[in-house]
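One structure below.
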Amino acid sequence: MDILASLNPQQRLAVEHGRGPALVLAGAGSGKTRVIVHRIAYLIRNGAARPEHILAVTFTNKAAQEMRERVHALLGRGRTAEPLIATFHSFCVRVLRREIHRIGYKRDFSIYDTDDQRRLIKQILEEERRPEKETAPREILGRISFAKNHNIPAAVFAHRFPSADADLLQHLYTAYNDRLRRANALDFDDLLLKTVDVLERFPEVRDRCQEEYRFILVDEYQDTNRPQYDVLQLLAGKHQNVFVVGDEDQSIYKFRGANIRNILNFEKDFPGARIIKLEQNYRSTQTILDVAGAVVANNTERKGKTLWTDNARGDVVTCYRSHSARSEAEWIAAQIRTALREGPDSRLAILYRTNALSRNFEDVLMQYGIPFVVVGSVGFFNRMEVKDLLAYLRAAYNPEDDIALLRIINTPPRGIGGTTTELLTRNALDKGVPVCQALRESLQDTRLSVRAQRALARFHETLDGWIAKARDVSAGALLEEIIAQVGYHEMLKQRDSAQEAADRIANVDELVRAAYESGERGESALDFLDRASLSSELDQLDANARVALLTVHSAKGLEFDVVFLAGMEEGLFPHFQSRDAKEDLEEERRLCYVGMTRARRKLFLTWTPHRRRFGQDSETAALPSRFLKEVPAELVEGLELETPYTMMDKESEYGQEWHYGKAGRSADDTEQPRSLAELRTYLAKLQSGKHGAAAGGGRQLKTGMRVRHAQFGEGIILSRERTGNDYKLTIFFSLAGRKTLMEGYAKLQPL
DNA sequence: GATTTACGCCTTTTT
DNA sequence: GGCGTAAATC
């Protein structure tokens, strides 16, 4: 296969780039990944680099996996050495598992995820008897992570961020780091920071890494943060063979410390860099590109580039306003059904700003019998039972891992309750030792009841057994033994409903299987735990799934034939947290751009003024997202942005909330009955009125008409609204309840 | 010490 | 509407 044949001139230029730094500014859908993949293949095929000297870095495991597969497809499998294709984090873990002893950690360190971090902070707060109200763990962790992402050590925190509570935060930041170290544990941010630390302080490690990874390629460069940038600088320091690909319009991780300046300053950081722009888009229709481009053009912080495509103009973009979140979901489900009927092989996605929005879509798709996958809500590795068992493993391999130990110490219940664990943690704190050691030393503590002492001794003995076993038994076998020994299944069966217990047991079995499989692939137990810590739900997104539900963030780098960008409302998208600061707003706009450019053929934008928040009807009607107003009207149908039933405050400006009171929802023809009693009155009214007469002899559907649906049975039409070329019907079915259907394909039979 | 119930908080986005 | 923590009860 000719590696260069299928490339356009710019892509080819990038792929053929020789040594030295290069920056590829690649617009959405312009073949970013393609360039990296082909360059890897080109370097190897040409003999310019040996595979083992190549390191390609991505942001998600999924992207890494896909890249690996595509390289294999180009080169064929079965070569002796492979290029290393990894995420920043997994690359760092790889380095640290080998080198971290140099900075005083043990090789079998634990990796703390967000949940572990939260537990640790809470524990610290508890020990210091600080009320959580004034110091929300989330908030604290957010600020610690912010500091870490900007490379600000605890020692200088208060100095760098002077504020009322700076000293307190510096104290907590320090305590948190100390406790991580004592637990022989690293959080996500530490993985990067400690790698930088090792590379900076130990020239021999740096030299070896520089020789090992002579060619470095980075995907999504616009999303690198400071520590990632440092890692890159240190690795590339000698050979300067850095090849980065990015798009400043798709920088959406500022909140995580991503620094857009990394891409804007690349030429300065790597002198003599070659810049290549990829502006031809291969993914979307011209219409979609124009719409997305018009939105992002409102940003000022960009280098500016214009995407073009040879693709057809394609369909107009469709906008749809619904009267509730529920009907938004129903309308989308109906569109999906049509789309799948017309093109059974299409891949579709519903994208939304926050995960909380997925629920309605899940419910309705389920109801419609449309198979789908949800990305990101509660991932496999985030399930409680899976985390419990991983904590058991962690405790066995790294007994100093306090958070893991405290998680399992009384799960399932074994008579070690709050009083006892509090004594343990207090002892550990006083002596400055991990909890496992405090456990050993507290066995005879007279402050404990005999019963508690006995329970502790028993747990201690079992734990020692696992620690010993961990040395010579596989992760799968150890896990299986632990599950049996502690009676984990029994706990689930006893605690949860039969159905829930069965689900959880299935997950447990799945985990055991995964552990065994990992072992059979030759991975160590630590490899297995690493993968569990660093994997995300996204990685499990099945490429064959027809319909996917995911956040816009998760969708970056993916593409779909049809995209529904839902919840296009002020406050939601852009999110109200981001609407004030200009740079935050620009990030929201880029996010919107990312969402829109995921679509190949057709883009839908949906919103509703009446979305429930926290299960309550909001007192204020939502406004359409300002991004909808930035869209060229001639390319979009159904763009009804005025809210007729909103009584506007005369002085109101965009961005303020408009109040409309309870009259709001009954002011147009989409009025819906709220209760059964109301429904009866409503139906009576409809039937006695002129609607009830239906179109004499005509087949045309009218409000109030009784109809039969193949699936839902008999019902009565509550409303009929034009949308595009079709009519949207709201029908109350006596068996199935209220449904919203599209007339065009609902195959309704008038009665 | 464990289990059940009430209440309050909540929502960005992710490795 | 849902989850996790805190009080109340067994």
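Below, chain A is the first sequence line, B the second, and so on; all start at residue 1.
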| Is A:R97 positioned over the aromatic face of A:F109, cation under 6.0 angstrom from the ring centre and no more than 45 degrees off axis? | yes
| field | DNA chain B contacts among residues 249-262 of chain A, heavy-atom distance under 4.0 Å | value | A:Y253, A:F255, A:R256
| request: Could you work out which one of B:dG1, B:dT14, B:dT15 sits closest to the side chain of A:T114? | output: B:dT15
| With distance as the sole criterion, is a donor-acceptor pair present between the side chains of A:E328 and A:T608 under 3.5 Å? | no
| Given B:dT14, B:dA2, B:dT11, which nucleotide is nearest the side-chain atoms of A:N355? | B:dT14
| task | Please work out if A:S90 contacts a base, only the sugar-phosphate, or nothing of the nucleic acid, heavy-atom cut-off 4.0 Å. | result | nothing
| task | Give the rounded distance in Å between these two atoms: CG of A:N225 and P of B:dT13. | result | 19 Å
| request: Look at all strands and tell whether A:R118 reaches a base, only sugar-phosphate, or nothing, counting heavy atoms closer than 4.0 Å. | output: sugar-phosphate
| note | Checking C:dG2, B:dG1, B:dT11 against the side chain of A:R138 (C-beta onward), the nearest is B:dT11
| request: Would you please confirm or rule out a distance under 4.0 Å between OP1 or OP2 of C:dT5 and any side-chain N or O of A:K122? | output: yes
| said: Can you tell me which nucleotide in B:dT15, B:dA2, C:dT5 comes closest to the side chain of A:T87? | reply: B:dT15
| field | For atom CZ of A:R611 and atom C1' of B:dT11, their distance in whole Å | value | 13 Å
| message | Going by salt bridge (Lys or Arg N to Asp or Glu O under 4.0 Å), name the residues that satisfy it together with A:D116, two or more places apart in sequence or in a different chain. | response | A:R394
| message | Rounded to whole Å, how long is the line connecting atom CG of A:D113 with atom P of B:dT15? | response | 12 Å
| note | The nucleotide from C:dG2, B:dT13, B:dA2 with an atom nearest the side chain of A:H553 is B:dT13
| Rounded distance in Å - CE (A:M384) to C1' (C:dG4) | 12 Å
| query | Across the strands shown, which category fits A:S533 at heavy-atom distances under 4.0 angstrom: base, sugar-phosphate, nothing? | reply | nothing
| request: Please state how far atom CG in A:L141 lies from atom P in B:dT14, giving the value in whole angstrom units. | output: 17 Å
| Does a nitrogen or oxygen in the side chain of A:T419 sit under 4.0 Å from OP1 or OP2 of B:dG1? | yes
| query | What integer distance in Å separates A:E139:CD from B:dT11:C1'? | reply | 14 Å
| request: Tell me, please, which residues at least two apart from A:E583 pass side chain to side chain donor-acceptor pair (under 3.5 Å). | output: none
| task | Figure out the NZ/C1' separation between A:K148 and B:dT15, and round it to whole Å. | result | 14 Å
| request: When you get a sec, tell me which of B:dA2, B:dT15, C:dT5 is the closest nucleotide to the side chain of A:N410? | output: B:dA2
| field | Separation of B:dA2 C1' from A:M491 CE (nearest whole Å) | value | 14 Å
| request: Decide yes or no for A:V242 and A:L232: does some side-chain heavy atom of the first lie under 4.5 Å from some side-chain heavy atom of the second? | output: yes
| message | Applying side chain to side chain donor-acceptor pair (under 3.5 Å), can you list everything that pairs with A:D363, at least two apart in sequence or on another chain? | response | none
| query | More 5' along DNA chain B: A:L448 or A:S578, using each one's nearest nucleotide? | reply | A:L448
| Which residues satisfy the salt bridge (Lys or Arg N to Asp or Glu O under 4.0 Å) test with A:R98, sequence neighbours excluded? | A:E212
| query | Listed by chain and number, what are the side chain to side chain donor-acceptor pair (under 3.5 Å) partners of A:Q65, not counting sequence neighbours? | reply | A:R68, A:E69
| message | With nearest nucleotide decided by heavy atoms, which residue, A:D584 or A:F59, maps closer to the 5′ end of DNA chain B? | response | A:D584
